[in-house]
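For clarity, every value in this text was computed on a predicted model and none was experimentally measured.
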Amino acid sequence: MKSSKQLFVVIIGFALLYLFPLEFRALWQPDETRYAEISREMLAAGNWIVPHFLDVRYFEKPIAGYWINNLSQLLFGHTNFAVRFGSVFSMTLSAVLVAWLAFRLWRDKTTALMSGIIFLTCLLVYGVGTYAVLDPMITLWLVAAMCSFWLGANAQTATGKACGYILLGLACGMGVMTKGFLALAVPVLSVLPWVIAQKRWKEVLLFGLLSIASATVITLPWALAIAKAEPTFWHYFFWVEHIQRFAESDAQHKAPFWYYLPFLIAGCLPWLALLPGALKRGWQARKVESGTFYLLGWVVMPLLFFSIAKGKLPTYILPCFAPLAILLAHHAMQLTDARTLKINGWINVIFGGICTLIVLVVLAPWGVAKHPLYARSEVYKVLLAAVAFLVWALVGHLTTRQNARYWQWAALCPLGLALLIGSVIPEKVIDSKHPQVFIDDVRPQLESSRYILADSVGVGAGIAWELKRNDITIYAKPGELNYGLENFADAKDNFVSRDDFPQWLATHRQKGNVSLMLLRSRDNMLDDPEIPVPDKRLRRGRFMLLFYKQLP
């Protein structure tokens with residue numbers, strides 16, 4: 001009965017944190033509008049081989065992540081919920097695998113359950129896991145790869161080992177088709193310390209051939225199909241998206257070596273006090289519990305790899321939280337002194353309290369900031385934001401009392417944020433990052449336009465998603481569509497330069513209405529004198545629509 005009640009509470013908590021809020025937040029540009037629109041276009045065209053974005057070939061990522069999003073939109077329609085459900089689905093399966101591995105290591109159901117819960121409620125995991133990007137998908141395949149390796153390495157029969165290594169190859173192959181060749185490098189680096197310590201080279205080299213074979217089998221059909229349909233795909237994807245992004249001097253998102261440490265530490269909230277002891281316990285037990293050393297290698301090696309790479313984003317270290325969650329749960333279950341659990345509760349009280357004060361004292365319109373984030377008309381949003389963080393502090397305070405009984409309730413610390421975040425986003429943010437709101441305001445003009453242009457790819461994707469049309473022309477700034485626009489003749493009409501726009505407009509408005517949607521920078525909110533005067537100008541924050549009526 002007790003286990004049934006626990007399962008019921010876990011399911012309700014999961015629904016409140018991960019499912020219920022998905023539909024009630026507008027999509028963020030550029031990421032969420034991008035992935036929403038790519039999958040919508042793939043479904044509309046029936047083309048599951050070559051990704052297109054605003055009718056332009058889009059080679060930045062392979063295909064498997066889009067497949068998950070495609071299936072989500074097939075099941076739930078073209079909704080905000082469907083756009084984000086692929087991420088939630090991937091994170092949920094990752095948590096199940098985390099719990100499975102924890103049980104395999106220690107044969108304790110409570111530790112296994114808490115491993116999955118801790119994983120899902122770590123701040124970085126939760127933030128990315130409810131956001132429509134491909135990182136949750138690659139995390140799923142990397143977690144599956146690491147679990148498969150452990151299954152194969154600890155199997156007692158040759159057949160069992162073969163099955164584990166075949167599953168490893170399948171997971172790595174799906175990872176390659178989700179985000180590229182890092183899905184091969186990260187598992188190899190992660191298992192390397194354990195393999196060296198256990199002196200398992202011969203086994204790995206022998207059975208590893210099965211992994212190579214199964215990875216090839218699962219990736220080859222699509223790899224050949226995309227190569228036949230688009231011969232330049234692999235050259236672009238390998239050199240630009242791998243070498244330049246991560247290693248060359250002009251790599252995207254350059255950051256210092258220590259960049260990931262703050263994200264790793266803050267990302268462990270609301271379980272932060274467990275982190276030092278978990279790492280220490282894992283290191284001390286490395287010789288008697290080989291599984292803990294396996295988990296440590298899984299944390300440290302990818303962290304070092306991504307720290308050395310020049311290009312960095314917080315989402316890259318998402319897979320590190322799977323082994324961390326197991327170490328944190330195991331450490332918590334082994335504690336004989338409740339002091340650490342009490343400290344963890346007070347850390348959450350302090351974190352929630354500080355964030356509440358920041359909202360009320362700094363970000364509020366009456367705050368000390370020179371340019372407050374919230375406007376004077378948004379007092380209710382300020383109060384809701386304060387309540388969201390106050391929930392974090394109150395839950396933390398609950399866990400400081402009778403620690404052995406209530407420490408697990410720290411999983412509910414993010415509940416206030418989960419339920420209220422869609423209602424507390426300031427208008428300044430909405431009017432620069434949520435194009436759906438402005439698009440609804442100007443829908444009559446957009447729907448009556450034969451031609452629609454946008455100077456931001458993310459905003460253009462938002463228009464295409466809302467209107468269910470992908471013939472959005474990019475104006476002035478090609479952005480991430482630059483390769484597809486420059487290298488394919490059939491995409492030349494999908495872009496209009498600033499200099500060519502007056503002549504283009506004079507020609508095309510004879511055939512129908514024209515709308516140009518602009519995303520102005522905060523430093524340049526003035527009208528562009530080079531753009532012809534529109535018949536109607538509509539504006540909201542940084543978004544501006546210029547509407548040109550058809551000429552008689």
Side-chain angles (χ1 to χ4, degrees), residues 31 91 94 118-119 121-129 131 133-136 138-139 142-143 146 179-194 196 241-284 286 292-328 331 340 343-344 346-348 350-352 354-355 358 362 392 413-414:
D31 292 330
M91 278 305 186
S94 297
I118 289 175
F119 174 74
T121 53
C122 280
L123 189 57
L124 184 65
V125 174
Y126 177 73
V128 180
Y131 187 70
V133 286
L134 299 185
D135 298 276
I138 187 62
T139 297
L142 292 178
V143 172
M146 296 299 291
K179 219 171 179 186
F181 300 108
L182 287 175
L184 302 178
V186 171
V188 170
L189 289 172
S190 299
V191 304
L192 192 59
W194 186 86
I196 293 174
E241 291 300 314
H242 284 76
I243 305 303
Q244 290 182 13
R245 171 166 289 196
F246 291 100
E248 292 190 359
S249 58
D250 60 345
Q252 295 182 1
H253 313 298
K254 292 177 67 175
F257 178 83
W258 50 264
Y259 173 83
Y260 287 114
L261 287 179
F263 290 101
L264 186 73
I265 293 171
C268 284
L269 286 166
W271 313 101
L272 183 55
L274 300 174
L275 180 60
L279 295 176
K280 180 181 179 181
R281 184 185 295 273
W283 179 253
Q284 291 175 338
R286 68 191 185 280
T292 60
F293 189 64
Y294 183 73
L295 297 174
L296 286 174
W298 185 359
V299 173
V300 174
M301 295 303 286
L303 189 64
L304 286 175
F305 174 74
F306 288 118
S307 296
I308 293 170
K310 293 183 182 296
K312 297 178 176 69
L313 283 174
T315 53
Y316 293 169
I317 63 167
L318 203 58
C320 296
F321 282 85
L324 261 182
I326 301 175
L327 290 169
L328 292 170
H331 176 58
T340 300
I343 292 173
N344 191 66
W346 282 113
I347 288 176
N348 288 318
I350 293 170
F351 174 77
I354 289 175
C355 291
I358 290 174
V362 180
W392 193 300
C413 281

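- The distance from the CG atom of Leu184 to the CG atom of Leu142 is 9.5 Å, given to the nearest 0.5 Å.
- A distance of 6.0 Å separates CG in Leu324 from CG in Leu279, rounded to the nearest 0.5 Å.
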Q: Verify side chain to side chain donor-acceptor pair (under 3.5 Å) between Trp271 and Asn344, making sure each step is shown before the conclusion.
A: CA-CA 6 Å; Trp271 313 101; Asn344 191 66; over 6 Å; no

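- Interatomic distance, CG of Leu264 versus OH of Tyr259, reported as 13.0 Å (0.5 Å rounding).
- When the ring-ring contact (aromatic ring centres under 6.0 Å, His included) test is applied to Tyr126, the partners found at least two apart in sequence or on another chain are Tyr18.
- If you take CZ on Phe263 and CG on Leu318, they are separated by 12.5 Å, rounding to the nearest 0.5 Å.
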Only pairs under 3.5 Å count here: list side-chain donor-acceptor contacts from residues 292-308, not counting sequence neighbours, and write none if there are none.
{"residue": "Thr292", "atom": "OG1", "partner": "Gly282", "partner atom": "O", "Å": "3.4"}
{"residue": "Thr292", "atom": "OG1", "partner": "Ala285", "partner atom": "O", "Å": "3.4"}
{"residue": "Thr292", "atom": "OG1", "partner": "Glu289", "partner atom": "O", "Å": "2.7"}
{"residue": "Tyr294", "atom": "OH", "partner": "Met146", "partner atom": "O", "Å": "2.7"}
{"residue": "Ser307", "atom": "OG", "partner": "Leu303", "partner atom": "O", "Å": "2.6"}

Q.
Please determine whether side chain to side chain contact (heavy atoms under 4.5 Å, CB included) holds for the pair Leu269 and Trp392, giving the CA-CA distance in whole Å, both sets of side-chain angles, and the decisive distance to 0.1 Å.
A. CA-CA 11 Å; Leu269 286 166; Trp392 193 300; 4.0 Å; yes

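- Rounded to the nearest 0.5 angstrom, Met91 CE and Phe321 CZ are separated by 10.0 Å.
- Remark: side-chain polar atoms of Asp31 are not paired, donor with acceptor, to backbone N or O of Val133 under 3.5 angstrom.
- Side chain of Arg281 to main chain of Ala278: no donor-acceptor pair is present (N/O by atom type, distance under 3.5 Å, no hydrogens or angles).
- Partner Thr315 forms a side-chain contact (heavy atoms from CB on, under 4.5 Å) with one of Val128, Ile138, Thr139 and no other, that one being Val128.
- Between the CG atom in Leu274 and the CD1 atom in Ile347 there is a gap of 8.5 Å [rounded to 0.5 Å].
- Between Pro314 and Tyr260 the shortest heavy-atom distance is CA-CE2, 4.1 Å.
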